Amino acid sequence: MVKYALTAENVCKSVELDKNKLDIIKNVNFFVKEGEYVAIMGPSGSGKSTLLGILSCIDKQTSGKVMINNVDVGNLNKDELTEFRNNNIGIVFQSFNLISVLNAGENIEVPLFFSKKQIDWESKVDELINIVGLRDKKKSFPRQLSGGEQQRIAIARAFAGEPKILFTDEPTGALDSENTEMVLKIFDKFKKKYNMTIITITHDTKVAERADRIVYIKDGELYERNFENDK
């Protein structure tokens, strides 16, 4: 029996603009199996980041339903949603968002402050910093790290709370080709080691091709095939 890490049914997102309704996401139906790696591609302004925000519980849809690990997140109150997100979701953005006054190891620990899981902090940090290949940078501060190294620490931080699903928004957008390949190999390691479900937003075809499946978004609508081929 197929187990789904995430399902989105008839998800819409609208906003009011100059007293007119603007539809950003339009009746999206999206299903991701446990352990699947899915890339979402589309042009700027297509709704990619808005959709990712909804799926990752940062934003809320206007209508429709999102379920993660069989939990209807729309039924959770604010506190319940915060706890659910801390326990089930990891997020990596294009900007690294590391805390400048904390060293690399301490940045990785941040999600553990909010987790109720019984996790050995020191062992978890050592495990993750080894996976991303930066054991010798554990005591280094963000200003002492390159952009690629900062992103690798940000990825390790996203896994600290042992999430079930990882969302990434242009995770290699600020990196050169060498560091992009390093980051993609790290995703491959996590997927293999933890059977991690990964949903990534990207403009980069080479990044998308590492996924198990690619879907496309245009004008707020999701497609399973490349709409560019329909021109």
Side-chain angles (χ1 to χ4, degrees), residues 37 39-40 44 48-50 52-53 55-59 82-117 119-194 196-204 206-208 210-211:
Y37 185 174
I40 302 175
S44 297
K48 299 188 304 297
S49 293
T50 299
L52 190 78
L55 298 179
S56 61
C57 303
I58 294 174
D59 195 5
T82 298
E83 182 176 352
F84 180 84
R85 191 167 56 233
N86 289 338
N87 289 329
N88 292 275
I89 293 172
I91 304 176
V92 177
F93 298 99
Q94 180 176 340
S95 55
F96 317 127
N97 295 325
L98 298 182
I99 300 172
S100 62
V101 296
L102 301 180
N103 64 36
E106 291 166 340
N107 265 282
I108 295 172
E109 288 180 347
V110 167
L112 299 176
F113 283 97
F114 308 100
S115 176
K116 294 183 178 180
K117 296 178 181 178
I119 299 174
D120 184 318
W121 289 25
E122 185 173 356
S123 295
K124 177 57 64 175
V125 170
D126 287 343
E127 174 192 358
L128 293 173
I129 208 164
N130 282 336
I131 290 176
V132 300
L134 292 173
R135 180 171 56 183
D136 60 331
K137 302 290 186 178
K138 184 177 179 180
K139 299 297 185 180
S140 298
F141 289 88
R143 65 180 180 276
Q144 298 171 310
L145 302 173
S146 69
E149 289 169 341
Q150 288 187 62
Q151 187 63 302
R152 286 150 67 187
I153 293 299
I155 292 168
R157 178 184 59 189
F159 282 99
E162 300 180 349
K164 303 288 194 306
I165 184 168
L166 177 71
F167 294 91
T168 77
D169 192 353
E170 299 287 1
T172 61
L175 305 180
D176 59 24
S177 58
E178 181 179 353
N179 280 297
T180 291
E181 181 61 26
M182 286 183 184
V183 165
L184 295 177
K185 285 181 177 179
I186 290 168
F187 288 155
D188 291 340
K189 287 180 182 179
F190 279 114
K191 184 177 185 298
K192 183 177 181 180
K193 184 175 179 64
Y194 300 108
M196 179 64 58
T197 303
I198 302 174
I199 299 174
T200 188
I201 295 288
T202 183
H203 280 98
D204 191 333
K206 291 182 179 180
V207 173
R210 299 289 280 264

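The figures that follow rest on heavy atoms only: side chains count, while hydrogens, waters and symmetry mates do not. Here the structure is a predicted model, which means the values were calculated and not measured.
Identified under the side chain to side chain donor-acceptor pair (under 3.5 Å) test for residues 130-139, with sequence neighbours left out: Asp126-Lys138. Screening residues 170-188 for salt bridge (Lys or Arg N to Asp or Glu O under 4.0 Å) gives Glu181-Arg210, Asp188-Arg210 as the qualifying pairs, with residues at least two apart or on separate chains.
Checking side-chain atoms of Ser56 against main-chain N and O of Leu52 turns up a donor-acceptor pair under 3.5 Å. Between the Asn88 side chain and the Pro163 main chain, no donor and acceptor come within less than 3.5 Å of each other.
Here the closest non-hydrogen pair linking Ile131 and Lys193 is CD1-CD, 3.9 Å. Shown here for Phe190 and Leu128, the closest heavy-atom pair between the two residues is CE2-CD2, 3.6 Å.
With contacts defined as side-chain heavy-atom distances shorter than 4.5 Å, the pair Leu102/Val110 qualifies. Side-chain contact between Thr168 and Ile201 is absent, with no heavy-atom pair separated by less than 4.5 Å. When side chains are defined from C-beta on, Thr197 does not count as touching Lys164, because their heavy atoms never get closer than 4.5 Å. For the pair Ser140 and Asn103, the minimum side-chain heavy-atom distance is 4.5 Å or more.
For the atom pair Ile199 CD1 and Ile91 CD1, the distance stands at 11.0 Å (nearest 0.5 Å). To the nearest 0.5 Å, the span separating OG1 on Thr200 from CG on Asp169 amounts to 8.0 Å. To the nearest 0.5 Å, atoms CZ (Phe187) and CE (Met182) are separated by 14.0 Å. Interatomic distance, Gln150 CD to Leu175 CG, rounded to the nearest 0.5 Å: 10.0 Å. Of the inter-residue distances, the one linking Asn107 atom CG with Ser100 atom OG reads 8.5 Å to the nearest 0.5 angstrom. Of the inter-residue distances, the one linking Phe167 atom CZ with Cys57 atom SG reads 7.0 Å to the nearest 0.5 angstrom.
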Can you give the donor-acceptor pairs under 3.5 Å from side chains of residues 151-162 to other protein atoms, not counting sequence neighbours?
unit_1, atom_1, unit_2, atom_2, d
Gln151, NE2, Phe93, O, 3.0
Gln151, NE2, Pro171, O, 2.7
Arg152, NE, Val132, O, 3.1
Arg152, NH2, Val132, O, 3.0
Arg152, NH2, Gly133, O, 3.4
Arg157, NH1, Asn97, O, 2.8
Arg157, NH2, Phe96, O, 2.9
Glu162, OE2, Lys124, NZ, 3.0

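Partners of Ala211 according to the side-chain contact (heavy atoms from CB on, under 4.5 Å) rule, which considers only residues two or more places apart in sequence or in another chain, are Tyr37, Ala39. Every residue two or more places apart in sequence or in another chain was checked for a salt bridge (charged side-chain N to carboxylate O under 4.0 Å, His left out) with Lys117, and none qualifies. In this view, Phe141 satisfies the ring-ring contact (aromatic ring centres under 6.0 Å, His included) rule with no residue, not counting sequence neighbours.
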Gln144 vs Glu149, test: side-chain contact (heavy atoms from CB on, under 4.5 Å). Steps then yes/no.
CA-CA 9 Å; Gln144 298 171 310; Glu149 289 169 341; over 6 Å; no

